[in-house]
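Input: a single structure, listed below in structure tokens.
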2 protein chains.
Amino acid sequence: MPAARSYSQFCGLARALDVVGDRWSLLIVRELLISPARYGELYQFLAGAATNLLADRLRGLENSGVIERRLDVERGCVVYALTEWGEGLREPVEALVRWSAPLVAAGRGQDAFNARWLVLALQAIAGDRTSPRPVAIGIAVDGAELTLRRDKTGTSVTLGFAPRPATVLSADPETVFSLAAGVISVRDAVTAGGVEGDPRELAAVFASTATPPPPSGSGLAIP
Amino acid sequence: MPAARSYSQFCGLARALDVVGDRWSLLIVRELLISPARYGELYQFLAGAATNLLADRLRGLENSGVIERRLDVERGCVVYALTEWGEGLREPVEALVRWSAPLVAAGRGQDAFNARWLVLALQAIAGDRTSPRPVAIGIAVDGAELTLRRDKTGTSVTLGFAPRPATVLSADPETVFSLAAGVISVRDAVTAGGVEGDPRELAAVFASTATPPPPSGSGLAIP
DNA sequence: CCGCATCCTCATGGATACTG
DNA sequence: CAGTATCCATGAGGATGCGG
């Protein structure tokens, strides 16, 4: 029963952090923003969270009304999913992802990677850009398949090729993150060898490259 | 030298939390989003953070390039301030403040309060609303003075009455938060006695009340 | 197997005293 | 005033156990 240590401040940010400020909490939310998942899947995705902590955080988030247990009828099992209120965390989480562009641009280093996380990154960035025309491209990265689809209703990023887009290319994780973060142009990514296949559709998606201000500090080097 | 424990995940959110995910870090950012401040002021505003933790977090945020020490020429002292990159945290922080609306609507309880925090809350919400016309109102709350000013360039919220607005009224903290969060209408606030003075300008500012979905959980009661 | 609960160790947070 | 130094409480991390 690890009591959520409260800031005890009558302030929106403090109250929000009382709910999702504990370690691992927002990363659990991240996974559920990508898709509902069962306990074992979360344990696998988070890769490093102790099982008791995961159980603690899940119970806490459930008690706070951020997540709920749902019955996955297709798989016939219980999955964790965000409540309607919890879905509202997409905005601040995507804003943090955008803010972190210079941090991911520093390179992967020895860090773990899961292609799922690119779904959120691409939504956070590509969701902003106005579409000149409908487009659907597939990106094969790290053994996974991402589909970026854009039509009149908006932009969506999903896992898997279903249906298979006309244009499919492969790229490495760092290149996709850098493209999404807007710290590299498609042209530079291609010449650097980070992309294989016809990148013309990709160039259309990541046309407007918004370069974020680089962090001035020196403590950002990835060892 | 408390090493920032890293998630070691090649993901924007994880990298961001490696920088600002430690306890108290985002609350320090909150204070500096409102105004630069010196060490003692931060220690006072945060009201509860141990001095060694405050020093640790300040050093960590400085090393990461989020904040920097600046010379306040007017006061002739050193203050902490956000770097340009650190200013970029305004978006995710304000998004968290908006998300927390149901949490602050639960009431103040025994929590500490500082009128400074209303500056951020009002900016987070009022900044969204399109202005029908220029307006400037003063709100006296908890011994402090807030000025909400709106012109062609946008909406700003500042501490102090300078220059003094034509319309000045007083309100209690909970009412202002609830108005900003959009969980109560100006009409209801007035009839409940939370506002003193002519609230007509106030009604113009908080015209469009966006009611957030309430949290479904039961763990949100403020003792 | 999956979904947790228990146990133990140690890093981190919190309160107070102290110093340049 | 702006932090350091110290000491204790607490939560994180890892291994393992256990019931369904």
Side-chain angles (χ1 to χ4, degrees), chain A residues 1-9 14 17-28 31-32 36-64 67-72 74-81 110-112, chain B residues 1-9 14 17-28 31-32 36-64 67-81 111-112:
Chain A
M1 181 200 73
R5 182 187 298 279
S6 172
Y7 287 111
S8 295
Q9 293 185 355
L17 292 177
D18 282 343
V19 173
V20 295
D22 282 337
R23 195 164 167 77
W24 296 107
S25 287
L26 269 187
L27 294 191
I28 292 172
E31 295 301 331
L32 299 183
R38 52 197 301 182
Y39 185 91
E41 293 171 330
L42 290 174
Y43 184 73
Q44 179 192 353
F45 296 150
L46 265 41
T51 175
N52 57 347
L53 280 190
L54 180 55
D56 274 354
R57 294 303 118 90
L58 287 173
R59 208 171 322 127
L61 291 173
E62 191 177 5
N63 287 337
S64 304
I67 68 175
E68 64 188 3
R69 270 183 280 208
R70 239 177 247 170
L71 186 62
D72 186 326
E74 295 187 12
R75 296 196 287 174
C77 63
V78 172
V79 293
Y80 289 92
Q110 300 300 314
D111 289 356
Chain B
M1 192 191 77
R5 181 186 298 278
S6 171
Y7 287 111
S8 295
Q9 294 184 354
L17 292 177
D18 282 344
V19 173
V20 295
D22 282 337
R23 195 162 167 77
W24 296 108
S25 288
L26 269 187
L27 294 191
I28 292 172
E31 295 302 331
L32 299 184
R38 51 199 300 183
Y39 186 92
E41 293 171 330
L42 290 174
Y43 185 74
Q44 179 192 354
F45 296 151
L46 265 44
T51 176
N52 57 345
L53 280 190
L54 180 57
D56 274 355
R57 293 304 116 92
L58 288 172
R59 208 172 320 131
L61 291 172
E62 190 178 6
N63 288 337
S64 304
I67 68 175
E68 63 189 2
R69 269 182 280 209
R70 241 179 246 170
L71 186 63
D72 187 325
V73 286
E74 295 187 13
R75 297 195 285 174
C77 65
V78 172
V79 293
Y80 289 92
D111 289 356

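Chain naming here is simple, since letters A, B, ... match the order of the sequence lines and numbering starts at 1 in each.
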Exercise. Which heavy-atom pair separates B:R23 from A:Y7 by the least distance, and what is that distance?
Worked result: CG-OH, 3.3 Å
Exercise. Dot-bracket for DNA chain C, 5' to 3', counting Watson-Crick or G-U wobble pairs under 3.5 Å, with [ ] for crossing pairs and | for inter-strand pairs?
Worked result: |||||||||||||||||||.
Exercise. So do the side chains of B:L58 and B:L42 get within less than 4.5 Å of each other, counting heavy atoms only?
Worked result: yes
For this session: Select one nucleotide: of C:dA15, D:dA12, D:dG11, the one nearest the side-chain heavy atoms of A:R57.
Result: D:dA12
Exercise. For the pair made of CG in B:D72 and P in D:dC1, what is the distance, rounded to whole Å?
Worked result: 15 Å
Exercise. Between atom CD in B:E62 and atom P in D:dA2, what is the gap in whole Å?
Worked result: 14 Å
Exercise. Does B:R5 have a side-chain nitrogen or oxygen under 4.0 Å from the phosphate oxygens OP1 or OP2 of C:dT12?
Worked result: yes
Seminar exercise, completed: In whole angstroms, the gap separating C1' of D:dG13 from CG of A:L27 amounts to 15 Å
Exercise. Hey, is the side chain of A:R23 poking within less than 4.0 Å of OP1 or OP2 on C:dT12, counting only N and O atoms?
Worked result: no
Exercise. Rounded to whole angstrom units, what separation is found between the OH atom of B:Y43 and the C1' atom of C:dA17?
Worked result: 11 Å
Exercise. Do side-chain atoms of B:E31 reach the backbone of B:Y43 as a donor and acceptor pair under 3.5 angstrom?
Worked result: no
Exercise. Is it true that B:R75 and B:E41 make a salt bridge, defined as a side-chain N closer than 4.0 Å to a carboxylate O?
Worked result: yes
Exercise. Think B:R69 forms a cation-pi with B:Y39, using NZ or CZ under 6.0 Å from the six-ring centre and within 45 degrees of its axis?
Worked result: no
For this session: Nearest whole angstrom, please: distance from the C1' of C:dT12 to the CG of B:D18.
Result: 15 Å
For this session: Please report, rounded to the nearest Å, how far the P atom of C:dG13 is from the CG atom of B:L54.
Result: 13 Å
Exercise. CG/B:D56 to CG/B:L61 distance, rounded to the nearest 0.5 angstrom?
Worked result: 10.5 Å
Seminar exercise, completed: With sugar-phosphate taken as primed atoms, P, OP1 and OP2 and all else as base, the protein-contact string of nucleotides 1-7 of chain C at under 4.0 Å (heavy atoms; B, S, -) is -SSBBBB
For this session: Take A:L54 and A:I28, measure what side-chain contact (heavy atoms from CB on, under 4.5 Å) needs, and give me the verdict at the end.
Result: CA-CA 8 Å; A:L54 180 55; A:I28 292 172; 3.7 Å; yes
Problem set entry | For atom CZ of B:F45 and atom P of D:dA2, their distance in whole Å | 12 Å
For this session: Hey, could you give me the OG/CG distance between B:S6 and A:D111, rounded to the nearest 0.5 Å?
Result: 5.5 Å
For this session: Assess whether side-chain contact (heavy atoms from CB on, under 4.5 Å) is satisfied between A:R38 and A:D72, documenting all intermediate values.
Result: CA-CA 9 Å; A:R38 52 197 301 182; A:D72 186 326; over 6 Å; no
Exercise. Between C:dA11 atom C1' and B:Y7 atom OH, what is the distance in whole Å?
Worked result: 15 Å
